[in-house]
Amino acid sequence: GEEGDPEELQLSLTHAKRMEMAARKKRHDLELEELIEHTSARDERMNKAEEARDRMKQSMTEAAEEELVQKEDAVFEERMEMLEEAKEASPKLLSNMNAAIAEYGEDLLEALEEQMEQLECMEVVDPHMSEDDLKELKRKHRAAEDKAMMKADMDYLKGMIKHMQDKAGAVSSSGAIQSTSDISMPSSGLLFAAATDYNFEAPSEPAAVDIAL
């Protein structure tokens, strides 16, 4: 039979070879894309799991810190109860016990503060967080700090009001009664409302608190 056109044959062979090369490259590219997609999906799952673990760890840390705050508050609440008991007994007893009351629970408070510092080292934050997340973190921090200072102010004011009322009841009817506006605030000055508008709860038995976390 008649032989085929050599030029057409050569063109066909060249075309077939180039198509084979292109197909091989496409197979490689598809495998690479699949690897990337698989890795991206895996990374996303791992990131979500890690973020969930971080949120849980931070939540547990914050809960442990709040528990320490309650234990600290319980010490100060116990001091107030000791103050009231000594005051009701006699002025002399109060004078003799004043230093002891002021030092009550100091070792426990120191231990609680050490534990608080340890927990603070465990706090989980993303240093690359967004500006909005940083603003929210700052808001959360300031709110907690203000709450602690306001509670100290409220407790101080309530105690001073009661102290002035007790002193006023002990003087004669002609004696001058000091107004609560004369009370000097020694701390933060975050006093925005009457002390009776706030009711902060604290455990009443700090001596039984287990300070081990």
Side-chain angles (χ1 to χ4, degrees), residues 54-87 94 97-127 129-166 178-213:
D54 286 347
R55 286 194 298 270
M56 180 176 295
K57 182 178 178 181
Q58 181 68 4
S59 178
M60 293 175 64
T61 301
E62 291 175 354
E65 289 180 351
E66 179 60 27
E67 184 178 351
L68 290 182
V69 170
Q70 293 176 357
K71 292 176 182 178
E72 290 170 343
D73 285 344
V75 174
F76 298 118
E77 184 68 24
E78 185 68 16
R79 287 183 181 180
M80 291 301 298
E81 292 178 5
M82 293 170 65
L83 176 64
E84 286 298 313
E85 291 174 0
K87 182 177 65 175
L94 174 58
M97 289 189 62
N98 205 38
I101 293 174
E103 294 176 0
Y104 172 80
E106 279 297 307
D107 290 342
L108 177 56
L109 288 175
E110 183 176 345
L112 292 172
E113 280 295 278
E114 289 178 358
Q115 292 179 40
M116 182 67 78
E117 291 177 1
Q118 293 173 1
L119 286 173
E120 289 170 347
C121 293
M122 296 170 58
E123 291 179 356
V124 180
V125 294
D126 178 11
M129 67 176 60
S130 67
E131 184 177 351
D132 288 342
D133 288 342
L134 178 57
K135 287 181 180 179
E136 175 60 21
L137 182 65
K138 288 182 177 182
R139 184 204 63 77
K140 184 178 179 181
H141 284 169
R142 298 299 87 76
E145 294 154 5
D146 289 350
K147 177 182 177 182
M149 289 187 287
M150 181 175 287
K151 185 183 187 310
D153 283 351
M154 294 302 102
D155 288 348
Y156 173 77
L157 182 56
K158 285 189 291 186
M160 287 299 296
I161 289 174
K162 191 173 188 309
H163 175 58
M164 290 299 151
Q165 289 173 340
D166 291 344
Q178 182 176 355
S179 116
T180 57
S181 63
D182 294 333
I183 298 174
S184 173
M185 295 297 294
S187 57
S188 63
L190 289 173
L191 192 55
F192 302 126
T196 54
D197 291 340
Y198 291 84
N199 181 22
F200 294 94
E201 297 181 359
S204 58
E205 299 180 1
V209 168
D210 181 7
I211 64 172
L213 293 180

*Drop me the distance from L157's CG to M164's CE, to the nearest 0.5 angstrom.*
11.0 Å
*Are the side chains of K162 and E84 in touch, meaning some heavy atoms are under 4.5 Å apart?*
yes
*Going by heavy atoms in the side chains, are L109 and E113 under 4.5 Å from each other?*
no
*Does R79 come within less than 4.0 Å of E106, counting only side-chain N to carboxylate O?*
yes
*Could you give me the CA-CA distance, side-chain angles and deciding distance for E136 and D132, then say whether side chain to side chain contact (heavy atoms under 4.5 Å, CB included) is met?*
CA-CA 6 Å; E136 175 60 21; D132 288 342; over 6 Å; no
*Please report the shortest heavy-atom distance between V75 and G105, naming the atom on each side.*
CG1-CA, 3.9 Å
*Hey, could you give me the NZ/CE distance between K87 and M80, rounded to the nearest 0.5 Å?*
7.5 Å
*Nearest non-hydrogen partners of K57 and M122, listed with the distance*: CE-O, 3.6 Å
*Spatial distance of atom CD (E65) from atom CD (E62) [nearest 0.5 Å]*: 7.0 Å
*At what distance, to the nearest 0.5 angstrom, does CG of L137 lie from CE of M129?*
5.0 Å
*Check whether more than 12 heavy atoms from other residues, nucleotides or ligands sit under 6.0 Å from atom CD of E120, and answer yes or no.*
yes
*Rounded to the nearest 0.5 Å, what separation is found between the CD atom of E67 and the CG atom of L112?*
9.5 Å
*Please step through side chain to side chain donor-acceptor pair (under 3.5 Å) for the pair E114 and Q118, ending with a clear verdict.*
CA-CA 6 Å; E114 289 178 358; Q118 293 173 1; 5.8 Å; no
*Considering residues, nucleotides and ligands other than M56, do more than 12 of their heavy atoms fall under 6.0 Å from its CE?*
no
*Would a 4.5 Å heavy-atom cut-off, applied to side chains only, mark K135 and R139 as touching?*
no
*So do D155 and K158 actually touch side chain to side chain, heavy atoms under 4.5 Å?*
yes
*How far does CD of E103 sit from CG of N98, to the nearest 0.5 angstrom?*
10.0 Å
*Taking all non-hydrogen atoms of both residues into account, name the closest pair between T61 and L119 and its distance.*
CG2-O, 3.4 Å
_Using side-chain heavy atoms (C-beta onward) and a distance below 4.5 Å, is E81 in contact with E78?_
yes
